[in-house]
Protein chains: 2
Amino acid sequence: MPSITVENYLKRIFLEQQESGGEIVSMGRVAQAMGVVPGTATTMVKSIAESGWAHYEARKGVRLTEKGNRMALAILRRHRVIEVFLVKILGFDWTEIHEDAERLEHAVSDRVLKRIDDLCDNPNVDPHGDPIPSATGEFRSRPQMTLFECPIDQPIRIARVLKQEPDFLQYAEEKGLVPGAWIRVIERNPIADAVTLHLQNRGQITLGGKVAADITVE
Amino acid sequence: MPSITVENYLKRIFLEQQESGGEIVSMGRVAQAMGVVPGTATTMVKSIAESGWAHYEARKGVRLTEKGNRMALAILRRHRVIEVFLVKILGFDWTEIHEDAERLEHAVSDRVLKRIDDLCDNPNVDPHGDPIPSATGEFRSRPQMTLFECPIDQPIRIARVLKQEPDFLQYAEEKGLVPGAWIRVIERNPIADAVTLHLQNRGQITLGGKVAADITVE
DNA sequence: TGTCTGATTTTGGTCAATCAAAACCCCCGC
DNA sequence: GCGGGGGTTTTGATTGACCAAAATCAGACA
Ligand SMILES: [Mn+2]
Ligand SMILES: [Mn+2]
Ligand SMILES: [Mn+2]
Ligand SMILES: [Mn+2]
């Protein structure tokens with residue numbers, strides 16, 4: 001029912017909402033995230049609200065309705081299941097699948113998604129470690145520690161890589177900094193804004209805080 | 001580069017052109033095939049011509065350029081490879097895949113198509129027996145006989161089922177009238193416009209000429 | 001050759017999605 | 001309490017895709 005554009009807005013708004021802990025999302029932020037001019041975001045959000053996907057308050061921001069939430073989760077699910085498919089079945093690298101998933105998520109019907117999901121053994125995280133909403137719309141993003149908060153000098157496993165920039169993912173792949181990998185935090189220096197890791201037989205590296213906060217472990 | 005809409009027009013024009021033996025295609029026909037009003041077809045075809053995909057002659061019709069042809073073949077290839085994928089890998093029935101392929105054909109990138117194609121063992125016909133253009137754009141639709149022209153009382157194999165209507169495909173499936181199946185033409189009566197077939201241990205049926213002409217054999 | 005008629009094109013309008021730039025308004029600091 | 005300023009909304013336009021209906025034209029037929 002929603003157009004491809006609206007689907008993208010819904011997913012985006014949902015994600016931004018998540019990221020800010022359920023806060024109402026400003027038009028500036030929507031515009032930024034969608035790569036459009038603020039006026040466009042305003043107009044689109046208003047029409048999305050019109051259709052009952054969201055509540056919009058002028059000069060405050062937007063928040064998805066129950067219905068909007070369900071829709072957003074369905075789209076997110078499609079995106080992430082497809083990412084698993086691209087890696088697990090088609091053999092792509094986890095660093096270069098985002099774009100394709102971004103287009104396919106709007107073309108895959110429920111029945112096709114079901115089969116793909118089965119073919120992938122009903123995964124519950126995608127190749128970046130991001131949780132996959134269930135077919136019924138359940139979605140628990142159980143809170144994890146980032147490399148900035150986790151215990152030191154203990155073997156821990158990478159859970160998610162939040163940052164999506166291809167360059168960074170490439171780098172992470174190279175260093176074996178991938179979801180599921182075991183590492184150890186050697187040292188953490190808040191003043192220097194740096195975290196030093198010991199990678200599984202790949203020496204050690206030091207990351208800045210910005211990046212360290214975008215990698216979660218468990 | 002072309003929008004989804006334009007992709008659909010290109011594929012459609014190509015197919016109509018094929019079907020009429022390379023003739024120029026009238027606006028009425030394009031409109032009909034695309035399910036739009038004639039004025040819309042005129043406008044769209046003009047803009048498609050503008051972009052160099054086709055030649056348009058007012059009150060004559062449209063014919064694809066070399067470039068348009070290549071594009072159309074690429075889309076047709078995507079469509080048909082995806083159909084194979086839906087049947088062979090995802091396990092769908094050949095009678096109910098068209099709609100999904102229709103949407104996916106616009107969302108699958110070259111690299112994804114390549115992998116899917118490999119996964120399916122580089123087929124050269126789709127589940128309806130329709131030939132798949134090669135990745136380089138070769139497309140030989142070697143002429144076949146229809147049930148109306150083929151030799152009588154000889155074992156022959158179904159090659160293609162041209163008719164795409166779900167109801168008919170369902171019926172064909174039921175009767176084992178599927179690409180690859182062996183049958184025998186028992187009787188042909190041009191006056192009664194009827195062809196009687198012997199199906200592999202499924203008795204015999206009689207088809208009208210309209211339908212018989214839409215099934216080819218080899 | 002002139003006339004009709006059905007196919008085609010044009011015209012005028014809508015809707016979705018977008019931008020540029022002007023208008024607006026809310027809150028923050030003096 | 002009063003401005004400013006920055007984020008937000010409006011306004012005016014554009015582009016793509018479409019429809020309804022009026023205008024046009026080309027070929028068939030008399
Ligand atoms: Mn998308
Ligand atoms: Mn992901
Ligand atoms: Mn299509
Ligand atoms: Mn087919």
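A note on names: the letters A, B, ... follow the listed sequences, proteins ahead of strands, and every chain is numbered from 1. Source: prediction; values computed, not measured. Below, each value reflects all heavy atoms present in this structure, side chains not excepted, and no hydrogens, waters or symmetry copies.
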Exercise for the section: Rounded to the nearest angstrom, tell me the gap between atom CD in A:Glu50 and atom P in C:dA17. Expected result: 13 Å

Completion exercise
The salt bridge (charged side-chain N to carboxylate O under 4.0 Å, His left out) partners of B:Asp100 (sequence neighbours excluded) come to A:Arg111

Practice task
Specify the separation, in whole Å, of atom CD of B:Glu57 and atom P of C:dT9.
Solution key: 11 Å

Completion exercise
In whole angstroms, the gap separating C1' of C:dT9 from CE of B:Met44 amounts to 16 Å

Practice task
Just call it for B:Ala41: base, sugar-phosphate, or nothing, with non-hydrogen atoms closer than 4.0 Å on any strand.
Solution key: nothing

Completion exercise
For residues 117-127 of chain A, the side chain to side chain donor-acceptor pair (under 3.5 Å) pairs (sequence neighbours left out) are A:Arg77-A:Asp117, A:Lys114-A:Asp118, A:Asp117-A:Asn122, A:Asp118-A:Asn122

Problem - A:His106: partners by ring-ring contact (aromatic ring centres under 6.0 Å, His included), with sequence neighbours left out - result: none

Practice task
Sequence neighbours left out, what passes side-chain contact (heavy atoms from CB on, under 4.5 Å) with B:Thr43? Give chain and number order.
Solution key: none

Exercise for the section: Give a yes/no on whether any side-chain N or O of A:Lys46 is located under 4.0 angstrom from OP1 or OP2 of D:dT9. Expected result: no

Handout entry: Pairs where residues 209-218 of chain A contributes a residue and the test side chain to side chain donor-acceptor pair (under 3.5 Å) is met, not counting sequence neighbours
Key = A:Gln144-A:Thr216, A:Arg157-A:Glu218

Practice task
Count the heavy atoms of every other residue, nucleotide or ligand shown that sit under 6.0 Å from NZ of B:Lys163, and state whether that count exceeds 12.
Solution key: yes

Fill in the blank from the handout: Numerically ordered, the residues 68-76 of chain B set in heavy-atom contact under 4.0 Å with DNA chain D is none

Practice task
Mind checking salt bridge (charged side-chain N to carboxylate O under 4.0 Å, His left out) for A:Glu102 and listing every partner two or more places apart, or none if nothing turns up?
Solution key: A:Lys11

Problem - Side-chain N or O of B:Tyr56 closer than 4.0 Å to phosphate OP1/OP2 of C:dT9 - result: yes

Problem - Test item: B:Met71 and B:Pro2 side chains (from C-beta on) under 4.5 Å apart, heavy atoms - result: yes

Practice task
Answer yes or no: is there an ion pair linking B:Arg78 with B:Glu7, defined by an N-O contact shorter than 4.0 Å?
Solution key: yes

Exercise for the section: Considering just the side-chain nitrogens and oxygens of A:Thr43, establish if one lies under 4.0 Å of OP1 or OP2 belonging to D:dT9. Expected result: no

Exercise for the section: Show your reasoning for whether salt bridge (Lys or Arg N to Asp or Glu O under 4.0 Å) applies to A:Lys46 and A:Glu50. Expected result: CA-CA 6 Å; A:Lys46 272 161 118 179; A:Glu50 211 87 315; over 6 Å; no

Dump the pairs, protein N or O against N or O of nucleotides 24-29 of chain C, anything under 3.5 Å, distances to one decimal.
unit_1: C:dC24; atom_1: O2; unit_2: A:Arg59; atom_2: NH2; d: 3.1

Problem - Check: B:Leu197 and B:Leu207 side chains under 4.5 Å, non-hydrogen atoms - result: yes

Handout entry: Any residue of residues 26-40 of chain B with a heavy atom less than 4.0 Å from an atom of DNA chain C
Key = B:Ser26, B:Met27, B:Gly28, B:Pro38, B:Gly39

Fill in the blank from the handout: Contacts of B:Phe168 meeting ring-ring contact (aromatic ring centres under 6.0 Å, His included) (sequence neighbours excluded), chain-then-number -> none

Handout entry: For A:His128, all residues meeting ring-ring contact (aromatic ring centres under 6.0 Å, His included), sequence neighbours excluded
Key = A:Trp94

Practice task
Check DNA chain C against residues 4-21 of chain A and give the residues with a non-hydrogen atom under 4.0 Å, in numerical order.
Solution key: A:Thr5, A:Tyr9

